[in-house]
Amino acid sequence: MSDKREAPVTVVGLGLMGQALARAFLRAGHPTTVWNRTAAKADQLVAEGARLAPTLAEALKASPLTVVCVTDYPAVHELLGVDGVPLDGTTLVNLTSGDSAQAREAARWAERRGARYLDGAIMAVPPAIGTADAVILCSGPQEDFEAHKPALDALGTATCLGADHGLASLYDVAGLAMMWSVLNAWLQGTALLRTAGVDAATYAPFARQMAAAVAEWLPGHAEQIDSGAFPADVASLETHARSMEHLIEESEAVGVNAELPKLFKAMADRSIAAGHGGEEYAVLIDEFGKPHHG
Ligand code: NAP
């Protein structure tokens with residue numbers, strides 16, 4: 001056992017996620033101070049060795065690093081924005097979910113109050129916190145991240161994405177786009193196969209294999225997007241659009257919802273109409289990169 005003394009940390013907000021964060025700090029040996037609007041949520045953590053600060057101000061003063069995790073950004077401001085809550089000299093790591101504009105605004109607000117500020121996003125569920133599978137994204141000054149990385153590593157795999165405070169939230173929502181796209185595609189296929197008596201569990205291994213195979217294409221598509229050249233080395237957008245038609249027809253023929261494949265097809269058709277039918281699929285980035293006024 002190491003006799004190294006871990007840095008003290010404070011966790012503000014003890015909902016499902018905040019409690020998991022505090023527990024991970026405790027288990028990694030950090031002296032952990034906690035505070036929550038509803039104090040009773042600290043009881044179990046106190047039994048596990050956390051110290052419940054009597055006031056929010058004392059919680060903030062107890063450690064050089066305070067991790068905040070509450071419902072949303074308005075709650076962060078309601079909590080920390082009142083007079084008498086001392087933020088000067090504190091490093092705040094705000095792991096509350098929100099969008100990039102809220103994150104950048106919170107950074108300016110925290111800096112005006114004399115705090116160092118890292119914005120963050122948690123790409124994990126509470127049971128994964130404290131394991132390497134929990135992805136903790138941060139954005140803000142690299143030196144502040146480096147100063148507190150040893151503590152943040154107790155929560156999971158902590159990464160700093162860059163100085164722009166909005167980046168963690170942007171990655172967070174981009175990851176959500178990936179998550180719902182894969183889940184919706186899986187549900188579309190499952191609904192189709194169920195019409196032929198194939199249950200979800202039978203289809204799942206094939207669906208998983210397809211999702212993994214398609215994920216392998218991403219680095220190649222990224223190269224095309226970054227270079228702005230989309231030679232059809234594998235399949236042209238027109239070839240994809242014809243297959244989309246099969247998916248729409250099949251869905252309609254068996255009475256399954258065809259909204260999702262029709263959305264894919266509408267985007268491909270616009271790109272083809274703009275002259276990109278002979279290019280690789282990644283050329284659709286042009287459609288994704290602008291608002292749709294349909
Ligand atoms: P939760 O269980 O509903 O807890 C919400 C927390 O916010 C509680 O500590 C609550 O205090 C506090 N709070 C809300 N409004 C407040 C206010 N005006 N003033 C002071 N405290 C306030 O939510 P959670 O699951 O812990 O989620 C917290 C954050 O983590 C959210 O931004 C969420 O998106 C993010 N997150 C959660 C998960 C997950 O799987 N749970 C995963 C990734 C990210 P009280 O106890 O006093 O009500």
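In each ligand, atom 1 is the first atom listed, and ligand 1 is the first ligand listed. These numbers come from the heavy atoms of this one structure, side chains and all, not from hydrogens, waters or symmetry mates. Because the structure is predicted, anything quoted here is derived from the model rather than measured.
- Partners of R113 according to the side-chain contact (heavy atoms from CB on, under 4.5 Å) rule, which considers only residues two or more places apart in sequence or in another chain, are V85, L87, W109.
- Residue E78 approaches ligand 1 through these ligand atoms, each under 4.0 Å from one of its heavy atoms: 18 (N).
- In this structure, the protein non-hydrogen atom closest to atom 2 (O) of ligand 1 is L16 N, 2.9 Å.
- Scanning the protein for heavy atoms near atom 4 (O) of ligand 1, the closest one is G15 CA, 3.2 Å.
- With respect to atom 38 (C) of ligand 1, the closest heavy atom belonging to the protein is M17 CE, 3.4 Å.
- Counting the atoms of ligand 1 from 1 in the order shown, those under 4.0 Å from a heavy atom of C69 are 28 (C), 29 (C), 30 (O).
- Under a 4.0 Å criterion applied to the non-hydrogen atoms of I122, ligand 1 contributes the atoms 43 (C), 44 (C).
- With hydrogens and angles left out, the side-chain atoms of S63 and T10 include a donor and acceptor closer than 3.5 Å.
- Under 3.5 Å, the side chains of D172 and S169 contain no donor-acceptor pair of N or O atoms.
- Ligand 1 places these atoms under 4.0 Å from at least one heavy atom of S97: 32 (O), 33 (C), 34 (O), 35 (C), 36 (N), 44 (C).
- Atom numbering of ligand 1 starts at 1 in the shown order; those under 4.0 Å from a heavy atom of T96 are 32 (O).
- Residue T71 holds the heavy atom nearest to atom 7 (O) of ligand 1 of all those in V12, N36, T71, V125.
- Judged purely by distance below 3.5 Å, without hydrogens or angles, the side chains of S251 and Q188 pair a donor atom with an acceptor atom.
- Checking E252, M244, M267 one by one against K262, the side chain to side chain contact (heavy atoms under 4.5 Å, CB included) holds for a single residue, E252.
- For V70, heavy-atom contacts with ligand 1 shorter than 4.0 Å involve the backbone as well as the side chain.
- In M210, the CE atom is not crowded: 12 or fewer heavy atoms of neighbouring residues, nucleotides or ligands sit closer than 6.0 Å.
- If you number the atoms of ligand 1 from 1 as listed, the ones under 4.0 Å from a heavy atom of P126 come out as 39 (C), 40 (O), 41 (N).
- Atoms of ligand 1 lying under 4.0 Å from any heavy atom of A124, numbered from 1 in the order shown and given with element: 42 (C), 43 (C).
- Interface atoms of ligand 1 facing K41, defined by a heavy-atom separation under 4.0 Å, are 45 (P), 46 (O), 48 (O).
- Residues H276 and F230 place their aromatic rings such that the two centres sit no closer than 6.0 Å.
- Geometrically, ligand 1 and L79 share no nitrogen or oxygen pair separated by less than 3.5 Å.
- Protein heavy atom in closest approach to atom 15 (N) of ligand 1: A75 CB, 3.5 Å.
- A side-chain donor-acceptor contact under 3.5 Å links H30 to the backbone of A7.
- Side chain of T38 to main chain of A40: no donor-acceptor pair is present (N/O by atom type, distance under 3.5 Å, no hydrogens or angles).
- Here the heavy atom of the protein found nearest to atom 48 (O) of ligand 1 is R37 NH2, 2.9 Å.
- Only the backbone of L14 comes within 4.0 Å of ligand 1, counting heavy atoms alone; no side-chain atom from C-beta on gets that close.
- Under the rule for a side-chain contact (heavy atoms from CB on, under 4.5 Å), the partners of P54 that lie at least two apart in sequence or sit in another chain are R51, E58.
- Of the protein's heavy atoms, T38 OG1, 3.4 Å lies nearest to atom 45 (P) of ligand 1.
- Here the two rings, on Y203 and W186, have centers that are under 6.0 Å apart.
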